[in-house]
> 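After the structure tokens below, expect a handful of questions from me.
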Number of protein chains: 4
Amino acid sequence: METARPGRSRSEASRLAILEATRDELVERGYDKLSLERIAAAAGVGKQTIYRWYPSKSALVAEGVLHGHLMDHIDLPDTGDIRADLTHWLMAFAGAGPESDSAALIRATSAATAEDETVAARYEEQVTVVVRTALRARLTAGMEVGQVRRDAPVTAVVESLVGTVLFRVLTRQPVSAEFVADLVSLLFSGIGGSDSTPRV
Amino acid sequence: METARPGRSRSEASRLAILEATRDELVERGYDKLSLERIAAAAGVGKQTIYRWYPSKSALVAEGVLHGHLMDHIDLPDTGDIRADLTHWLMAFAGAGPESDSAALIRATSAATAEDETVAARYEEQVTVVVRTALRARLTAGMEVGQVRRDAPVTAVVESLVGTVLFRVLTRQPVSAEFVADLVSLLFSGIGGSDSTPRV
Amino acid sequence: METARPGRSRSEASRLAILEATRDELVERGYDKLSLERIAAAAGVGKQTIYRWYPSKSALVAEGVLHGHLMDHIDLPDTGDIRADLTHWLMAFAGAGPESDSAALIRATSAATAEDETVAARYEEQVTVVVRTALRARLTAGMEVGQVRRDAPVTAVVESLVGTVLFRVLTRQPVSAEFVADLVSLLFSGIGGSDSTPRV
Amino acid sequence: METARPGRSRSEASRLAILEATRDELVERGYDKLSLERIAAAAGVGKQTIYRWYPSKSALVAEGVLHGHLMDHIDLPDTGDIRADLTHWLMAFAGAGPESDSAALIRATSAATAEDETVAARYEEQVTVVVRTALRARLTAGMEVGQVRRDAPVTAVVESLVGTVLFRVLTRQPVSAEFVADLVSLLFSGIGGSDSTPRV
DNA sequence: CAGTAACCGAGACGGTACGTCGAGTCTTACA
DNA sequence: TGTAAGACTCGACGTACCGTCTCGGTTACTG
């Protein structure tokens, strides 16, 4: 155990105020107009305290967004209809439209991920892995009732779903019901014709 | 006509030097560590000259990357084997690995797209549309020979392919032959089981 | 000649605004509470512009004070009465009292001189030498009329006058008429008694 | 009596370690680059402990320097030759040269005195008064044997000696034997010529 | 073919934000 | 209860770039 260090202990209240202020700034201005000085002022915190917790702007963004927002939308319920479940989950993940807070935070996270490879690793571990786990469980359940093929490539499925939504959000296109329906349909039925290589 | 203005005409050499310096900087440092002053110095050009051509950093990046790099990889040849053609195209688009110049430029473009909605619009128009056109032609050819279903949702296909690769690149994962094979297989065969909703 | 450099030429107006703001700050707050950020704001100037002209805080202070203030008091008129001339000059140099602007600027210059040896060199060259020259002329005139011994050690005279006033100002004691009278009397008559070593 | 309080008593060892560390820092870096954090670390002491003893940086410097250094040189022995005694004392006070520890501490004290009027008061009380007392005794002795005039202005003598040496040290000039000889000669003989106002 | 208007490089300008240092205060665990 | 340790808010540092504005100087159309 190592909790018994001398000196004042770190203020969890400051940490939370920083994360909240960060999310507000991200939604309002986006990643690269983000200013740590404004965040510090808004959170009522010294700049040094931000640096004590987070080594860089991108690390702060990763932490602030991954914990405060994206993880909320990551549960994938089982209603018996796997297509409907996926559709619902995709639309919740993307948020209401290109101007929604969700969309702004996804764009900010993407920019942070693009900038910094440690953030990329964190994103991989905190989002992709979690989503994959949830999706794998849901697909397994679907296999039991014959809705899903037993050899479905889970990783490719996860990344194509997340990546596609990400692309829509980055290019500011709406993640509409029509688009999601097409995507799910594509996912389940494929585009293979009569002459395509047969299922193994 | 407006070419008959008095005064010195703009230097095409300067413009090209700027774009080249921009790409070098992007590959080396990424989007948000990009410095117009360094670009100007590297290109042997005054800062004002950059601003004469491009109104903002993101516009410069959009121009520099979209024309100089991404468009190179956008042709989609027809060898008769549509799966192989798509596989080849996807891997060429992503570049050799997460440290390749291609990957760095894709990340930079993603960050620029995330930041600036006019860049997003330009990306949509210059990449998505072009890819969609090329892919639509290839899919149509595939339909003729029975490799592709006649009702394949082209937009969803395009965006799921581009988005998936983008996601791999952003999270610094390799776009390996195995992954691409899984992705193409998913695309053609779907994951639907015996009890999934029948094809329309 | 080398005045024909490319680029915008430096703004003399900025330079003067900086010096004026510096003097105001020095009088109001003193040397080590001096803030370049406040000076820049008061002068309506970017911080970088200050650094472009002056390499350090102490250099700025030296320049600002030596040119803007101390040199004003350095002329030593000749009314025929050398004691009165010196008395008048000493009191003018010190300013009205320990709270006067002159006193504040002398204290600031002393602190800057104590901190930085290049400022010390500048002080030596810009104040000591000038004062010595003026005083030497006045003493020479005094010698002509028999008011001053021909072998008076000019350097020691200069530095003891300036140093004594400096000491009074640093310790916040008034440079009163009584004190100055004593000092001048000491200077002219010495403290030697009947048994002191005879004049050479 | 107050030694019988509960709790740990204040550590005299800490206080001395603080003063020693302060002197080391002053000699090495000068007054305004002085850092209480470095002093605390060097003394193996918490910052709060310093603040418990000294209310401000300048108070610490005053205490540290006035007690630890300057007072060492303040005794003014009587060998019978008052000129030699003064010469010796002046050179000891100034230290070996502009780079000596003594010179550095004198500069630091001057800066602290310039900054803070409570330090100025303390300096006045702890240095000037003591020196004046010692010098008055020596001069009185000199008067007895006819080496010094009976009406010598002691305050002016003290401050002109201390101030002159201070000026030499601030401007980084050596307090050489030649200079001191000139100064003492000036002090005893004055510069008055045959036509100067007669001694009162 | 001389003017002149728009370009060019260079670089200083007023600003904003950076990441670091230190001041002086507050809060722990320990002695 | 005093102390070393160290986190806290706050303010300033010196640097890097931003986007704009001037410089002296170079084209290349136009009258």
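Each chain gets a letter, A, B and so on, in the order the sequences are listed, and its residues count up from 1. Remember, it's a predicted structure, so these values are computed and weren't measured experimentally.
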> Judged by each residue's nearest nucleotide on DNA chain E, which is more toward the 5′ side, D:K33 or C:A40?
C:A40
> Counting primed atoms plus P, OP1 and OP2 as sugar-phosphate and everything else as base, spell out the protein contacts along nucleotides 2-7 of chain E at 4.0 Å heavy-atom distance: B, S or - for each nucleotide, 5' to 3'.
---BBB
> Is D:S35 close enough to E:dC21 that one of its side-chain N or O atoms is under 4.0 Å from OP1 or OP2 there?
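Looking at the OP1 and OP2 atoms of E:dC21, neither is under 4.0 Å from any side-chain N or O of D:S35.
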> Are side-chain heavy atoms of D:R107 and D:R172 found at a separation under 4.5 Å?
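Result yes, sub-4.5 Å side-chain heavy-atom pair found.
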> Grab the CD1-C1' distance between B:I50 and F:dT20 for me, whole Å please.
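Distance, rounded to whole Å: 14 Å.
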> Please give me every residue in residues 111-121 of chain A whose heavy atoms get under 4.0 Å of an atom in DNA chain F, ordered by residue number.
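Hits under 4.0 Å, by residue number: none.
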> Are any non-hydrogen side-chain atoms of C:R10 and C:R52 less than 4.5 angstrom apart?
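When only atoms from C-beta onward are counted, C:R52 and C:R10 do touch, with a gap below 4.5 Å.
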> Mark yes or no for a side-chain to base donor-acceptor pair under 3.5 Å between A:Q48 and E:dC21, with no hydrogen or angle criteria applied.
yes
> Measuring from the side chain of B:V45 (C-beta onward, heavy atoms only), which nucleotide among F:dG19, F:dC17, E:dG9 has the closest atom?
E:dG9
> To the nearest Å, give me how far apart NZ (B:K47) and C1' (E:dA10) are.
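Nearest whole value for this atom pair: 11 Å.
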> Evaluate the side-chain proximity of B:L19 to B:Y54: yes if any heavy-atom separation is below 4.5 Å, no if none is.
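SC-SC contact between B:Y54 and B:L19 confirmed.
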> Indicate yes or no: at least one non-hydrogen side-chain atom of D:L34 is less than 4.5 angstrom from one of D:R29.
no
